Amino acid sequence: MIGELSRRQFLRTAGAGVAGTTLGAMGFGGAEQALAQSVRPFKLAKTTETRNTCPYCSVACGILMYGVGDGSANNKQAIMHIEGDPDHPVNRGTLCPKGAALLDFVHSDTRLKYPMHRKPGSDKFERVTWEFALERIARLMKDDRDKNFVAKSKDGVTVNRWTTVGFLAASATTNETATLTYKVVRSAGIVAFDNQARV
Amino acid sequence: MTNSWADIGWTDLAIIMGGNAAEAHPCGFKWVVEAKANRGAKLIVVDPRYTRSASVADFYCPIRPGTDIAFLGGVINYLLSNDKIQHDYVKNYTNAAYLVNPAYGFSDGLFTGYDEAKRDYDKSSWDYQVGEDGFAKLDDTLQDPNCVFQLMKKHFAIYTPEMVERICGSPKDKFLKVAEMIASCSTPTKTMTSMYALGWTQHSKGSQNIRAMAMVQLLLGNIGVRGGGMNALRGHSNIQGLTDLGLMSNLIPGYLTLPTEKEPDFNAYMSSRGFKPLRPGQMSYWQNYKKFFVSFQKSMWGEAATAENNWAYDYLPKLDVTYDMLRVFDLMVQGKMTGYFCQGFNPLMTLSNRGKLTEGLSKLKWLVTMDPLDTETSRFWENHGEFNDVKTGDIQTEVFQLPTSCFAEDEGSLVNSGRWLQWHYPGQEPPGEAKLDTWIMAQIGQKLKALYQKEGGAFPDPILNLTWNYADPNNPTPQELAKEMNGSALADQMDPKDATKVVVEKGKQLSGFAQLKDDGSTQAFCWIYTGCWTEAGNQMARRDKEDGGTGLAPKWAWSWPANRRILYNRASSDVAGKPWDDSRKLVYWAGDKWAGIDVPDYGAAFKPEQTVGPFIMNPEGVARLFTRKMMRDGPFPTHYEPFEAPVANAVAPKIRGNPAARIFKGDFAALGSSDKYPYVATSYRLTEHFHQWTKHVWVNAVLQPEFFVEISEELAKEKGITKGGWVRVWSNRGSVKAKAVVTKRIKPLMVDGKPTHIVGIPQHWGFMGAAKKGMNPNSLTPFVGDANIETPEYKAFLVNIEAIASGPVA
Ligand code: SF4
């Protein structure tokens with residue numbers, strides 16, 4: 001507990017993240033930073049701290065996320081501050097201009113909230129239920145797999161592949177997501193399978 | 001990375017070539033700064049632009065995009081001609097002494113066996129001379145004209161400093177200075193680290209760029225040592241993990257490979273994966289392939305994978321060709337793809353030749369995207385004026401846009417560039433109805449299975465029998481999945497030395513991949529991850545950073561394989577097991593055992609006098625300067641121009657691009673030539689942005705709001721372009737409009753006697769998000785990939801440029 005406190009005290013004197021740095025560069029620095037630093041300890045006092053890693057580049061800097069709310073129905077958890085984890089052996093508390101702005105990624109206006117569907121030829125997305133989307137996707141997969149599955153090659157070799165549906169996997173999902181994704185995709189016989197390593 | 005981030009702090013010389021760590025990996029680059037401050041280390045940057053990495057370098061040398069092999073070939077030639085190599089290392093730890101088949105040869109830019117029509121080689125001569133005993137023949141004096149060392153000398157002799165200058169545009173004196181600095185690390189007590197990223201991979205010969213530097217590092221004795229290594233900085237936070245786990249067309253987790261249709265049965269499959277040692281007594285660790293493979297099949301299909309059905313060998317699809325992204329989009333354009341999933345991936349803005357991508361997506365029957373953000377790919381059908389000029393009504397693709405959680409809402413592990421699996425925790429719930437990716441994948445898998453259970457259909461067995469032992473089948477937890485990656489015993493595992501003693505009880509987690517069996521009594525989804533979640537718990541969540549300042553942090557998280565922090569670390573000591581450098585001991589022979597600060601990459605029972613090589617995965621036991629038949633485009637790297645180049649290939653004038661790289665017919669026709677497109681373009685990233693994501697982030701959108709291209713003052717003057725003025729940049733495939741940033745950071749280079757201009761194009765904009773709408777280099781780039789792994793040639797292509805009066809209309 002004492003260690004925690006002293007670390008937070010230490011952090012109070014640290015820089016105020018990327019926005020503060022930019023303001024500083026524009027010449028308004030002193031006042032804004034002083035304000036940010038005097039507000040912060042109060043803001044963090046009632047928060048929960050969660051350890052995570054920056055999802056951008058593979059330096060994978062350790063981060064601390066501070067959230068309010070206890071997760072109950074009327075008090076949803078919401079992250080209100082993110083900073084570098086000073087205990088992390090690689091970044092030792094530092095973050096670059098990308099990692100320092102992570103909070104705005106979490107709460108970005110263009111975060112998606114609902115499953116959407118675009119009908120052929122339509123000029124808009126329409127909100128649908130998960131049930132509708134997932135049922136229909138499974139149906140489309142099944143119909144195409146049954147139609148285009150290649151059980152044997154021209155030479156009669158058992159090949160059991162499905163080439164007409166493809167799957168692009170991500171670059172920032174967890175290993176655990178990747179494991180489940182691999183299982184579902186490969187067991188269906190999909191070979192048009194790739195990830196973002198190439199680009 | 002062979003090493004890890006903090007280990008860079010132990011180097012004497014960092015070379016950043018093919019990357020820009022100060023801007024793209026800033027908090028990792030810090031370790032270069034530490035090495036400079038604490039050890040007096042030097043930094044060299046070789047890059048077409050004077051980047052921020054260059055701005056803090058001790059020495060900067062410019063280079064024309066796409067000519068790295070000529071430059072590194074020049075370095076290899078310099079090291080060999082000036083005898084600046086670490087002799088004991090080269091002789092004992094590489095295949096320098098191995099004799100090559102006399103039929104192997106190289107002339108006019110081609111290796112023996114080239115078939116022009118197929119754009120491929122008959123590689124049969126690219127191999128060792130093998131004696132009657134089945135072992136490769138050696139000449140320890142390195143004098144035989146057919147030994148690798150002599151062949152290498154001959155192959156690289158052409159890359160003189162003059163030739164480097166002529167091809168790369170790097171002034172001879174600057175090149176020589178770089179070569180000299182590199183050569184200073186040929187002593188056993190000085191070490192260089194190589195840091196690279198997409199600047200090397202995104203070329204039609206990307207793999208060979210990396211090989212060329214790996215050869216330099218082997219000649220210097222810098223692999224397996226502290227402060228050394230080949231360090232791929234990698235791109236996204238878990239691209240290492242997704243690759244480890246085999247999420248690619250031809251892979252099985254842990255770098256095993258899917259069968260091809262030339263391997264009709266399990267015996268045929270295993271026959272090319274036997275990995276018999278090529279020298280007496282070598283470990284050749286891939287001999288255990290079958291154990292890893294069977295344990296994977298058991299993990300996937302449990303009791304349905306039996307010895308009788310060859311561990312469900314036929315449940316795996318067999319490939320006719322590799323279905324990499326470039327091929328898949330080409331198939332879309334041909335109308336041969338029905339549906340496509342994009343999970344956290346925005347190909348419309350990231351793969352090459354955007355016009356072709358739009359055409360492909362428009363021909364799909366359906367597209368599913370899963371992403372936390374509103375991506376351009378999910379809205380490829382929506383008209384955004386010049387930013388996405390499509391005829392919406394004509395596009396018949398049905399699209400599902402599924403909202404997912406982001407990092408802050410999920411739990412699990414990511415693999416950093418140093419191969420560390422680090423566990424993280426969620427801090428809030430996903431917004432609205434957004435869901436975890438695991439939940440979505442489980443629904444898709446379970447619903448598809450239910451349809452097959454109900455209706456039957458095409459070969460349902462691998463779907464119906466897929467292992468699915470989750471407490472809630474609709475919502476597997478990250479803990480369950482992590483344990484599955486690690487693997488467990490399916491029967492009691494006995495001590496090999498004492499058959500009455502149980503080492504691992506049935507049902508318990510395994511503690512390392514040495515416990516895997518090929519008899520079906522163990523399961524492990526990804527053998528290189530075995531050890532990540534043992535009976536002792538989740539090793540990836542460990543948080544003891546104490547390492548006595550070595551930078552290895554062995555008790556922080558968990559790294560594959562076997563929590564080893566520096567690969568090939570046995571090579572940090574000489575044949576007798578004595579450290580090359582006493583001030584940087586890593587793994588050494590302590591008289592009766594191997595000791596040191598890292599998990600030895602070696603058999604614990606080997607004594608130094610057994611001369612088991614340190615590169616235990618290779619059947620030779622040593623590292624390969626000559627790669628035999630393993631690369632499609634040659635056993636040595638050789639200079640090829642990019643497919644679009646401003647000059648002919650100076651060493652083989654008739655060859656365009658990489659002769660072994662696959663290029664589809666239409667894409668070959670879409671290449672531009674230097675008379676119409678006289679300028680060399682290259683793409684890059686800015687420190688304020690990450691790929692296409694941070695344009696959704698308000699702060700980053702403010703910091704770098706707008707798409708631009710970067711050109712030299714000289715080119716601006718020549719073309720009447722003003723600072724901040726609008727320009728149009730176009731290639732033979734597309735056109736973009738951008739603001740011009742005119743800088744001193746890019747300078748024209750003298751290539752083959754003529755001034756060559758470079759246009760820099762950052763890769764961060766699109767038509768969604770908080771930043772201004774903008775275009776991207778992928779409207780311009782060619783649709784051709786690396787000969788070995790199909791990474792698109794994104795870093796070197798040709799464009800033209802002109803000043804225009806105003807910008808695009810949205
Ligand atoms: S904070 Fe910057 S350097 Fe660290 S992981 Fe994120 S993007 Fe990479």
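The sequence lines fix the lettering, A, B, ..., with proteins before strands; numbering per chain opens at 1. In what follows, every heavy atom counts, from backbone to side chain, and hydrogens, waters and symmetry copies are set aside. These numbers were taken from a predicted model, which means no experiment stands behind them.
- By the 30° and 60° cut-offs, the orientation of the rings of A:H88 relative to B:W556 is perpendicular.
- With chain B as partner, the option from A:K183, A:E176, A:H117, A:E135 having the largest number of non-hydrogen pairs under 4.5 angstrom is A:E176.
- Neither the backbone nor the side chain of B:Q240 comes within contact range of chain A; no heavy atom of the residue lies under 4.5 Å from a heavy atom of that chain.
- Looking at B:L421, the atoms closer than 4.5 Å to chain A (heavy atoms on both sides) all sit in the side chain, from C-beta outward.
- When all heavy atoms of A:L134 and B:I444 are compared, the pair lying nearest together is CD2-CG1, 4.0 Å.
- Taking 4.0 Å as the cut-off between side-chain N and carboxylate O, B:E382 and A:R118 do not count as a salt-bridged pair.
- Only the side chain of B:W5 comes within less than 4.5 Å of a heavy atom in chain A; its backbone stays farther off.
- For B:H691, the part lying under 4.5 angstrom from a heavy atom of chain A is the side chain only.
- Between A:Y182 and B:F525, the ring-plane angle classifies as perpendicular under the 30° and 60° cut-offs.
- In this structure, the portion of A:F149 lying under 4.5 Å from any heavy atom of chain B is its side chain and not its backbone.
- With ring centers used as reference points, A:W162 lies 6.0 Å or more from B:Y323.
- The pair B:K545-A:D85 does not meet the salt-bridge criterion, since no charged nitrogen lies less than 4.0 angstrom from a carboxylate oxygen.
- A salt bridge does not link A:K154 to B:E261: none of the charged nitrogens lies less than 4.0 Å from a carboxylate oxygen.
- Scanning both residues, A:A197 and B:T243, for their nearest heavy atoms gives CB-OG1, 3.8 Å.
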